[in-house]
Amino acid sequence: MGYPLALFAPLIAMRWLKTTRLPISDRGDKRITGVLRVAVLASLVPALIQVMQVERRANTLLDTVGSTRQSAMASMILVGILLAMCAFYATSLMSRIAPRPGVLLVALLPWVISCINSYATHASFSYQTLVYPTVVIFLGAIKPTIWPLRTLAHATVAIAGGSILMALLVPGRAFLHGYSGNISLAEKAIIGDNLLAGPFNHSNILGVMLGLGVPTIFLMRRKGARLLGFAVVFWALLWSASRTGLVAGGVGMATYWIISMLRKGRVRSGLSCAILLAASALAILIPVSTDDPTAFSLRGQIWLGSAEYLTGNYLTGNGYSWYSAISAEENSLIDIAFNGHNLYVHMMSTGGLVLTASVAMLLILASVRATQYARLGINFPAAYMATFFVTACLEVAGRFRDFDSMFPIAIIPILVICVSRPREAVRPQTRGRTAIARLDDSSHRVPPA
C-alpha cells in the first residue's frame with residue numbers, strides 16, 4: 001500500500017486543486033487555499049503510510065522506528081510540491097504587492113534564530129527546514145485574508161472522521177500501542193479501553209491537531225456543516241482521550257461564543273485581549289509553579305529536569321535537538337520526553353531567552369491582530385490564539401523551524417493572522433452601520449481583487 005500512496009500523492013494533490021471549485025474570488029486567497037491543501041497532504045499522507053506499514057510502538061526515545069522508504073518518498077514529493085508552489089506564487093505576485101518588512105522580519109526571526117542555534121550545536125538540517133521561510137515569503141508576497149483557513153476546517157473534520165473510520169475498519173492500526181507493540185489498554189481512556197491515534201503515531205498528536213482545528217470550524221459557511229463538524233471532531237477527541245485537545249478546543253469555542261455576544265467593538269477587543277493575556281500567562285505559570293514530578297501526567301518531571309539542565313545556558317539554551325540528544329545518556333527526564341511538553345519550557349531549553357523572545361514577538365503580533373479582528377466583529381483569530389495558548393500549556397504544537405505534522409494547523413494560521421490586514425477582510429461589509437459588528441465569520445465572502 002505504501003508505494004502506490006507515495007507515487008500517487010502528487011496526482012492526488014493536483015486532482016484536489018484542479019477539480020474543486022473555490023467560492024473565494026480573490027486570486028491570492030485561492031493560492032493560499034491551494035498551498036494549505038498541499039501542506040495538509042504533506043503532513044497526513046506520509047504519516048498514514050508509516051502507520052499502515054510499520055507496527056506502531058509506544059513513543060519512547062529509545063524505542064522508535066525510522067520512516068519507511070515509501071513514507072519518506074511521499075514526504076519528499078509533497079514537500080517539494082509545496083515549496084515549488086510557494087516559490088512560484090510568490091515570484092508571480094511579488095511585483096504587485098508591497099511587502100511589509102517589519103512583519104516579515106518578526107515572522108522569520110524564530111526560524112533564523114533556530115537555524116543559527118542548530119548550526120552552533122551541530123544539529124542536522126533537511127529539506128523540511130526550507131518550508132517555514134518559503135511560506136512566510138509567500139504570504140508576504142500576496143495579500144492574504146483569514147478566509148482560506150476554512151480549508152483547515154474541512155481537513156480537521158476529515159482527519160477526525162478518517163480516524164474514527166480507521167478504528168472501525170482497521171483497529172490494529174488506529175489505536176495507540178504499548179511498549180510490547182500490542183494495543184495499549186490505557187487507564188486514561190474515555191471511550192472504551194483504547195486511545196485513538198488515527199494516522200499518527202500517538203493519540204496526543206491526533207488530539208492536539210483536532211483541538212487546534214476546532215476554531216477553524218467556525219469558518220464553515222453552513223450551520224449544519226459546523227454542527228456536524230463539531231460532533232465528529234469532539235467524538236474523535238474523546239476517543240483519543242487527549243485532555244489537552246479537549247480543553248483547548250472547548251476554550252476556543254467558549255472564546256468565540258463569548259466575544260460574539262458583545263455588540264461594541266471596543267468591548268470585544270478588550271475582552272479578547274484579556275483572554276489571550278490570561279491564556280499566555282497560564283502557559284508560563286503552570287510549568288514554573290509546578291514542583292511535583294508526577295503532576296500533569298509526569299510532565300512535572302520533564303519541566304523540573306529541563307530546568308535543571310538549563311542552568312548556565314539561559315541565553316542560548318541547550319540546542320535545537322537537545323531533547324533527542326539527551327536520551328542517549330542517563331538523565332532526570334522521563335523517557336517519553338520528545339519535547340518540553342510546554343511551549344515556554346521547550347523554547348527555553350532548546351533556544352534560551354533569545355529564541356523564546358523571538359517566538360514571543362511573533363505570538364504577540366498575532367494576538368494584537370486577533371484583537372483588531374475582534375473589534376471588527378471577526379472572532380476566529382481570537383478563538384484560535386486562545387486555543388493555541390491553552391495547547392501550549394501542556395504540548396508543543398510548533399517548533400518554528402522544520403515542517404512536521406503540526407505545521408499546517410499550528411504554524412500557518414499564526415502566520416496568516418500576522419501577515420493579513422483586518423480591514424481588508426471586512427471591506428465589503430462596511431456599507432451599513434452595524435454590518436461590521438454583526439459580521440458572521442462563516443458567511444463572509446471575499447470580494448474580487
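For reference, positions follow the sequence shown, starting with 1.
- Between the side chains of Tyr132 and Ser114, not a single donor N or O lies within less than 3.5 Å of an accepting N or O.
- The side-chain hydrogen bond (donor to acceptor under 3.5 Å, both in side chains) search around Ser349 returns Tyr323, not counting sequence neighbours.
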For this session: Report the C-alpha distance between His202 and Ile205 in whole Å, list the side-chain angles of each, state the deciding distance to 0.1 Å, and finish with yes or no for side-chain contact (heavy atoms from CB on, under 4.5 Å).
Result: CA-CA 6 Å; His202 200 283; Ile205 299 177; 4.2 Å; yes

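- Under a 3.5 Å cut-off, the side chain of Trp111 and the backbone N or O of Thr129 do form a donor-acceptor pair.
- Shown here for Leu206 and Ser240, the closest heavy-atom pair between the two residues is CD2-CB, 4.3 Å.
- The closest side-chain heavy-atom distance from Asn379 to Ser260 is below 4.5 Å.
- When each of Ile190, Val251, Val214 is checked for a side-chain contact (heavy atoms from CB on, under 4.5 Å) with Leu246, only Ile190 meets the rule.
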For this session: Would you please test Leu365 and Val103 for side-chain contact (heavy atoms from CB on, under 4.5 Å) and show each step?
Result: CA-CA 8 Å; Leu365 176 59; Val103 174; 4.1 Å; yes

Problem set entry | Pair Ser118-Arg401, side-chain hydrogen bond (donor to acceptor under 3.5 Å, both in side chains): steps then yes or no | CA-CA 10 Å; Ser118 300; Arg401 199 199 79 166; 2.7 Å; yes

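- Side chains of Glu395 and Ser242: a donor-acceptor N/O pair is absent below 3.5 angstrom, by distance only.
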Problem set entry | Test side-chain contact (heavy atoms from CB on, under 4.5 Å) applied to Arg226 and Lys223, step by step | CA-CA 5 Å; Arg226 294 196 296 272; Lys223 183 177 180 180; 3.6 Å; yes

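- No donor-acceptor distance shorter than 3.5 angstrom exists from the side chain of Arg37 to the backbone of Gly34, with no hydrogens or angles considered.
- Within the 3.5 Å criterion, the main-chain N or O of Ala241 finds a donor-acceptor partner in the side chain of Arg243.
- Side-chain rings of Tyr320 and Phe125 stay apart, their centers remaining 6.0 Å or farther from each other.
- Under a 3.5 Å cut-off, the side chain of Asn342 and the backbone N or O of Pro287 do not form any donor-acceptor pair.
- Within 6.0 Å of atom OH in Tyr344, 12 or fewer heavy atoms from other residues, nucleotides or ligands are found, so the atom counts as exposed in its surroundings.
- Proximity of a side-chain donor or acceptor of Trp303 to a complementary backbone N or O of Gly340 within less than 3.5 Å is detected.
- Atoms CD1 and CE, on Ile364 and Met385 in that order, are 10.0 Å from each other to the nearest 0.5 Å.
- Between atom NE2 of residue His346 and atom CH2 of residue Trp322 there is a gap of 10.0 Å, rounded to the nearest 0.5 Å.
- Ile146 and Leu219 get closest at one heavy-atom pair: O-CD1, 4.1 Å.
- Side chains of Tyr384 and Ile414 form a contact here, defined as non-hydrogen atoms less than 4.5 Å apart.
- Here the closest non-hydrogen pair linking Pro408 and Ile412 is O-CB, 3.7 Å.
- Taking 4.5 Å as the limit, every side-chain heavy atom of Arg150 sits out of range of all side-chain heavy atoms of Thr216.
- Between Phe230 and Trp235, the ring center distance fails the sub-6.0 Å criterion.
- The two residues Ala383 and Thr255 have their closest heavy-atom pair at CA-CG2, 4.0 Å.
- Atom CG of Leu176 sits about 8.5 Å away from atom NZ of Lys188, to the nearest 0.5 Å.
- To the nearest 0.5 Å, atoms CG (Leu109) and CG (Leu104) are separated by 12.0 Å.
- The closest donor-acceptor contact from the side chain of Ser126 to the backbone of Gln128 lies under 3.5 Å.
- Nearest heavy atoms, Arg268 versus Arg375: NH2-O, 2.9 Å.
- Note: Met348 CE to Asn318 CG = 9.5 Å, rounded to the nearest 0.5 Å.
- For the pair Thr387 and Gly249, the tightest heavy-atom approach, listed with the atom from each and the gap, is CG2-N, 4.4 Å.
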Problem set entry | Criterion side-chain contact (heavy atoms from CB on, under 4.5 Å) on His341 and Leu394, from CA distance to verdict | CA-CA 5 Å; His341 279 279; Leu394 298 177; over 6 Å; no

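- The shortest distance between side-chain heavy atoms of Ser272 and Ile275 does not fall below 4.5 Å.
- Between the OG atom of Ser163 and the CG atom of Leu196 there is a distance of 5.0 Å, given to the nearest 0.5 Å.
- Using a 3.5 Å distance cut-off with no hydrogens or angles, the side chains of Ser420 and Tyr373 do pair a donor with an acceptor.
- Ring centers of Phe218 and Tyr256: under 6.0 Å apart, within the cut-off.
- You'll find the side chain of Tyr89 reaches within 4.5 Å of the side chain of Phe138, heavy atoms only.
- With contacts defined as side-chain heavy-atom distances shorter than 4.5 Å, the pair Asn117/Leu355 does not qualify.
- A heavy-atom distance below 4.5 Å is not found between the side chains of Val131 and Asp402.
- Considering only heavy atoms from C-beta on, Phe403 stays 4.5 Å or farther from Val135 through its side chain.
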